[in-house]
Amino acid sequence: MENVFLLLEERGFVEQVTDRALVHDLLERPATCYIGFDPTAKSLHVGSLLPIMSLVHMQRSGHRPIVVIGGGTALVGDPSGKTEARPVMTREEIEENAKGIKKQLSRFLDFSHGRALMVNNADWLAELKYIDFLRDIGRHFSVNRMLAAESYKLRLQTGLSFIEFNYMLLQAYDFWYLFKHYDCRLQMGGNDQWGNILAGTHLIKRLEGEVAHGLTFPLLTTSSGEKMGKTHKGAVWLDPQLTTPYEYYQYWINQDDRDVERFLALFTLLPMDEVRRLGALQGAELREAKEVLAFEATKLCHGEKDALEAKEASRALFGQKEPGASGGAVPTFRIGKEELGKGIPAYILFERSGLCKTRAEARRLIAQGGGYLNGGRIEAFDQVINLRDLKDGSLLLRAGKKRYMRVAVS
RNA sequence: GGAGAGGUUCCCGAGUGGUCAAAGGGAGCAGACUGUAAAUCUGCCGGCUCAGCCUUCGGAGGUUCGAAUCCUCCCCUCUCCA
């Protein structure tokens with residue numbers, strides 16, 4: 001089997017490595033690696049997909065991934081790459097979030113029979129004694145060096161609390177703990193974690209005299225310079241309750257042309273030959289590649305069935321013929337028959353159904369010609385919609401070019 | 001603890017008594033063009049029962065016919081000093 005390091009490198013996962021040759025060597029045999037995830041929300045979002053995919057590759061290549069939930073460190077707050085301190089969370093929130101995250105990761109990773117592990121660093125960090133920690137761990141860190149770290153430099157401009165300043169030590173301690181208890185010799189993470197990862201390898205060297213490694217991923221931005229996973233509605237979540245498979249699919253199909261090949265490599269498991277072939281398509285043909293990207297990405301996250309549904313719904317809505325809006329994957333809003341019978345102004349319906357956040361927004365949208373009913377443009381913002389507008393028992397609303405909402409009567 | 005600077009609408013950032021829902025830029029949204037892409041042009045961009053009304057300029061009071069702008073107290077951030 002191909003060495004997973006080469007595979008990760010080829011697919012674009014690698015930004016920095018502590019030592020290319022040694023990491024390659026380490027991964028020749030089954031090894032253990034870890035990535036930390038912050039339990040700051042009850043669901044992960046697309047921004048976490050890159051690290052998740054790297055673990056998927058690791059597991060598929062016979063290695064054992066460890067997912068560390070930063071339950072302990074979340075109580076402190078990581079300053080890396082942020083301009084402001086993070087709000088501190090309660091233990092209950094963190095527990096709750098950790099549960100949701102494990103559920104999601106189970107779609108990507110096999111946690112059975114110890115093939116992948118999930119641990120919470122609160123389990124060992126919470127017990128630490130301050131004096132012991134200072135004496136055993138703190139002595140190995142040079143403040144001068146820490147201050148030189150890029151992640152702290154930024155914060156020195158705006159202010160860095162002592163509590164955050166300790167984050168690096170805690171993360172280093174995590175790595176050491178995992179090394180000690182699970183023989184974990186590789187930590188991966190976003191490039192903003194480089195300093196923290198190095199601190200860990202440094203600590204292991206000092207305490208155990210052994211070499212551990214670090215690898216970071218490129219900080220992903222779309223070609224238009226945006227952070228991954230942001231849309232007008234906010235983050236794109238992996239939880240189908242928060243972002244439906246249809247919306248998830250749409251997110252991927254709407255990617256910039258320039259990102260398609262890169263994303264196929266990172267976010268699907270398609271062989272690289274296929275990735276390159278699809279990436280080479282030009283002009284309108286590239287849409288085929290986007291469809292593959294959207295389908296594969298949705299399949300990984302939500303399963304084949306939902307992915308197919310999303311694909312069909314998309315084709316129906318964006319295909320040649322005006323929509324019959326068949327597929328069950330299109331978001332649906334329910335309204336009482338009686339209420340619709342009385343008639344409801346278009347802009348209010350747009351707001352109620354969730355297509356617009358406020359009535360003012362809906363007014364504007366329709367006034368500017370961006371509101372559609374069953375494929376036809378709505379002329380006046382207060383045009384009354386009632387039972388006569390039903391087609392096959394439902395209404396199809398559209399906001400702008402791409403956002404659809406079915407309104408069903410109940 | 002002392003001295004100075006500052007907290008404005010999603011972000012950056014103008015605004016120092018009425019003409020301010022607040023310049024400009026960015027982001028975002030819509031229309032045209034297209035390929036559910038990008039670029040470009042145009043319009044929008046606090047809320048509402050929308051020719052009017054209501055709520056915003058760190059917080060609470062006050063002065064005034066009228067305050068984001070003036071006064072008082074408080075909170076927070078940054079820089080320098082201790």
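Not measured: the values here are computed from a predicted model. Labels below follow one simple rule: chain letters A, B, ... track the order of the sequence lines, proteins then strands, and each chain is numbered from 1.
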Inset, instruction - Check whether any side-chain nitrogen or oxygen of A:K401 sits under 4.0 Å from OP1 or OP2 of B:G31, and answer yes or no. - result: no
Inset, instruction - Kindly say if A:Y347 contacts the phosphate of B:G47, meaning a side-chain N or O under 4.0 Å from OP1 or OP2. - result: no
Legend entry - Below 4.0 Å: OP1/OP2 of B:C29 and any side-chain N or O of A:R364: no
Inset, instruction - Would you indicate what A:E285 reaches in the nucleic acid, counting non-hydrogen atoms under 4.0 angstrom: base, sugar-phosphate, or nothing? - result: nothing
Legend entry - With A:L198 via side-chain contact (heavy atoms from CB on, under 4.5 Å) - residues at least two apart: A:T18, A:W194, A:T201
Inset, instruction - For nucleotides B:U16 and B:U77, find the distance between their P atoms and express it as a whole number of Å. - result: 28 Å
Inset, instruction - Please measure how far the C1' atom in B:C74 lies from the corresponding atom in B:U64, and state the result in whole Å. - result: 23 Å
Legend entry - Protein-nucleotide distance (A:K290, atom NZ; B:G35, atom P), rounded to Å: 12 Å
Inset, instruction - Among B:G35, B:A30, B:A32, find the nucleotide with the atom closest to the side chain of A:R377. - result: B:A32
Inset, instruction - Keeping to residues at least two apart or across chains, list the ring-ring contact (aromatic ring centres under 6.0 Å, His included) pairs with something in residues 91-111 of chain A. - result: none
Legend entry - Residue met sooner reading RNA chain B from 5', once A:A284 and A:T358 are mapped to nucleotides: A:A284
Inset, instruction - Using a strict cut-off of less than 4.0 Å between a Lys/Arg side-chain nitrogen and an Asp/Glu carboxylate oxygen, indicate whether A:R364 and A:E361 qualify as a salt bridge. - result: no
Inset, instruction - Determine the Euclidean distance between corresponding C1' atoms of B:U56 and B:C45; express it in Å to zero decimal places. - result: 16 Å
Inset, instruction - Pick the P atom in B:G25 and in B:G13, then give their distance to the nearest Å. - result: 16 Å
Legend entry - A:L49 and A:L300, any side-chain heavy atoms less than 4.5 Å apart: no
Legend entry - G-U wobble or Watson-Crick pairing nucleotide for B:U36 (cut-off 3.5 Å, both distances): none
Inset, instruction - Identify whether any heavy atom of A:G283 sits under 4.0 Å from a base atom; if not, whether one sits that close to sugar-phosphate; answer base, sugar-phosphate or nothing. - result: base
Inset, instruction - Provide the closest heavy-atom pair for A:M146 versus A:M168 in the form atom of the first, atom of the second, distance. - result: CG-SD, 3.7 Å
Inset, instruction - Could you label the plane-to-plane angle of the A:F267 and A:W252 rings as parallel, tilted or perpendicular, counting under 30° as parallel and over 60° as perpendicular? - result: tilted
Legend entry - Pairwise 5' ranking along RNA chain B for A:I253 and A:G400, keeping only the more 5' one: A:G400
Inset, instruction - Looking only at side-chain atoms of A:A360, point me to the closest of B:C50, B:A30, B:A37. - result: B:C50
Legend entry - Separation of atom CG in A:L365 from atom P in B:C29, rounded to whole Å: 12 Å
Legend entry - A:L281 CG - B:A38 C1' separation (whole Å): 17 Å
Legend entry - Gap in Å between the two P atoms, one belonging to B:G6 and one to B:C71, rounded: 13 Å
Inset, instruction - Answer with base, sugar-phosphate or nothing: what part of the nucleic acid does A:Y372 contact at a heavy-atom distance below 4.0 Å? - result: sugar-phosphate
Inset, instruction - Rounded to the nearest angstrom, tell me the gap between atom CZ in A:R359 and atom P in B:G46. - result: 18 Å
Legend entry - B:U72 to B:U63 separation - C1' atoms, rounded to the nearest Å: 11 Å
Inset, instruction - Please give the nucleotide sitting opposite B:U77 as a Watson-Crick or G-U wobble pair, both distances under 3.5 Å, or none. - result: B:A5
Legend entry - Close side-chain approach of A:L317 and A:L396, heavy atoms under 4.5 Å: yes
Inset, instruction - Taking the side chain as every heavy atom from C-beta outward, state whether A:L264 and A:E274 have any pair of such atoms under 4.5 Å apart. - result: no
Inset, instruction - Would you kindly give the OH-to-P distance between A:Y246 and B:U36, to the nearest whole Å? - result: 13 Å
Inset, instruction - Nearest 0.5 Å please: distance from the CG atom of A:L395 over to the CG atom of A:L349. - result: 6.5 Å
Legend entry - Strand partner of B:C48, provided both Watson-Crick or wobble distances fall under 3.5 Å: B:G52
Inset, instruction - Indicate, yes or no, whether a donor-acceptor pair under 3.5 Å links the base of B:G43 to the side chain of A:Q368. - result: yes
Legend entry - Gap between atoms CZ and C1', on A:F350 and B:C48 respectively (whole Å): 19 Å
Inset, instruction - Write down the partner of B:U16 under the Watson-Crick or G-U wobble criteria, each distance required to be under 3.5 Å. - result: none
Legend entry - d(CD1, A:I366; P, B:C45) in whole Å: 16 Å
Legend entry - Nearest-Å distance once atom C1' is located in both B:A27 and B:C12: 11 Å
Legend entry - Strand partner of B:A30, provided both Watson-Crick or wobble distances fall under 3.5 Å: B:U42
Inset, instruction - Answer yes or no: is there an ion pair linking A:D273 with A:R276, defined by an N-O contact shorter than 4.0 Å? - result: yes
Legend entry - N or O in side chain of A:R363 less than 4.0 angstrom from B:C50 OP1/OP2: yes
Legend entry - Watson-Crick or G-U wobble partner of B:G66, both distances under 3.5 Å: none
Legend entry - Rounded interatomic separation in angstrom, taking NZ from A:K402 and P from B:A30: 8 Å
Legend entry - C1' atoms of B:A37 and B:G7, separation to the nearest Å: 41 Å
Legend entry - Out of B:G35, B:C48, B:U36, whichever nucleotide has its closest atom nearest the side chain of A:F318: B:U36
Each nucleotide N or O in nucleotides 53-57 of chain B that has a protein N or O under 3.5 Å away: list the pair and distance.
none

